[in-house]
Novice: 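Below is a structure I'd like to ask you about.
Here, residue 1 is the first one in the sequence, and each next residue gets the next number.
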Amino acid sequence: GRAAAETFMKHLKLASIETHVADARTCCLNPATSTHRQMNDEQLAAAGVPAGLVRISCGLEDKKDLIAYRTIFPADFFFCKKCSYVDALY
């Protein structure tokens with residue numbers, strides 16, 4: 001949930017924690033504690049936003065560094081081809 005997402009984000013070295021994910025550098029956010037913070041867990045679930053979701057917006061860093069995130073942290077990763085976001089569910 002939220003705690004696992006927070007722990008994950010605090011340990012990232014390449015990505016910065018932001019309140020939005022639109023930048024030239026890699027950044028991340030947990031919607032449950034940022035963009036959707038006004039919602040409780042039941043409302044988040046009804047909206048299809050898991051409390052443990054981490055949205056990662058890939059920046060212009062070396063692709064090998066970005067791909068390394070996938071192997072370092074165990075999670076279910078989902079890539080959005082339309083927007084270049086990687087979502088990790090914790």
Side-chain angles (χ1 to χ4, degrees):
R2 294 173 199 241
E6 184 177 336
T7 299
F8 168 77
M9 292 189 306
K10 284 182 179 178
H11 287 89
L12 293 177
K13 294 184 172 132
L14 186 64
S16 60
I17 301 171
E18 302 289 344
T19 56
H20 61 84
V21 285
D23 204 317
R25 66 182 191 270
T26 297
C27 49
C28 64
L29 66 80
N30 169 239
T33 58
S34 59
T35 57
H36 294 68
R37 66 184 168 276
Q38 75 280 7
M39 302 170 87
N40 62 35
D41 287 350
E42 293 78 25
Q43 292 168 323
L44 286 170
V49 180
L53 180 73
V54 174
R55 174 149 278 185
I56 302 171
S57 175
C58 299
L60 301 175
E61 295 86 1
D62 189 288
K63 66 181 177 182
K64 291 178 186 175
D65 293 332
L66 297 172
I67 292 169
Y69 274 177
R70 173 63 179 97
T71 59
I72 293 171
F73 297 99
D76 294 324
F77 279 75
F78 308 93
F79 181 70
C80 177
K81 292 179 181 175
K82 286 172 55 176
C83 58
S84 298
Y85 292 135
V86 177
D87 288 339
L89 184 57
Y90 284 86

Novice: Can you run down the salt bridge (Lys or Arg N to Asp or Glu O under 4.0 Å) pairs that involve residues 39-49, sequence neighbours left out, and say none if there aren't any?
Specialist: Arg2-Asp41
Novice: What heavy-atom pair brings Gly48 and Pro50 nearest, and what distance separates the two atoms?
Specialist: O-CD, 3.5 Å
Novice: So which heavy atom on Ala51 is nearest to which on Ala5, and how close?
Specialist: O-CB, 4.5 Å
Novice: Does Ser34 have any side-chain contact (heavy atoms from CB on, under 4.5 Å) partners at least two apart in sequence or in another chain, and if so, which?
Specialist: Leu29
Novice: May I have the step-by-step check of side chain to side chain contact (heavy atoms under 4.5 Å, CB included) for Leu44 and His36, ending in yes or no?
Specialist: CA-CA 8 Å; Leu44 286 170; His36 294 68; 3.7 Å; yes
Novice: Salt bridge (charged side-chain N to carboxylate O under 4.0 Å, His left out) with Arg37: which residues, sequence neighbours excluded?
Specialist: none
Novice: Strictly below 4.0 Å, N to O, side chains only: are Glu18 and Arg25 in salt-bridge contact?
Specialist: yes
Novice: Using the test side-chain contact (heavy atoms from CB on, under 4.5 Å), find all partners of Ala3 that sit at least two apart in sequence or belong to another chain.
Specialist: none
Novice: What's the separation between atom OG1 in Thr26 and atom CG in Leu60, rounded to the nearest 0.5 Å?
Specialist: 8.0 Å
Novice: Applying side-chain contact (heavy atoms from CB on, under 4.5 Å), name anything that partners Gln43, two or more places apart in sequence or on another chain.
Specialist: Met39, Asn40
Novice: Measuring from atom CG of Asn30 to atom CZ of Arg55, what distance do you get when rounded to the nearest 0.5 angstrom?
Specialist: 11.5 Å
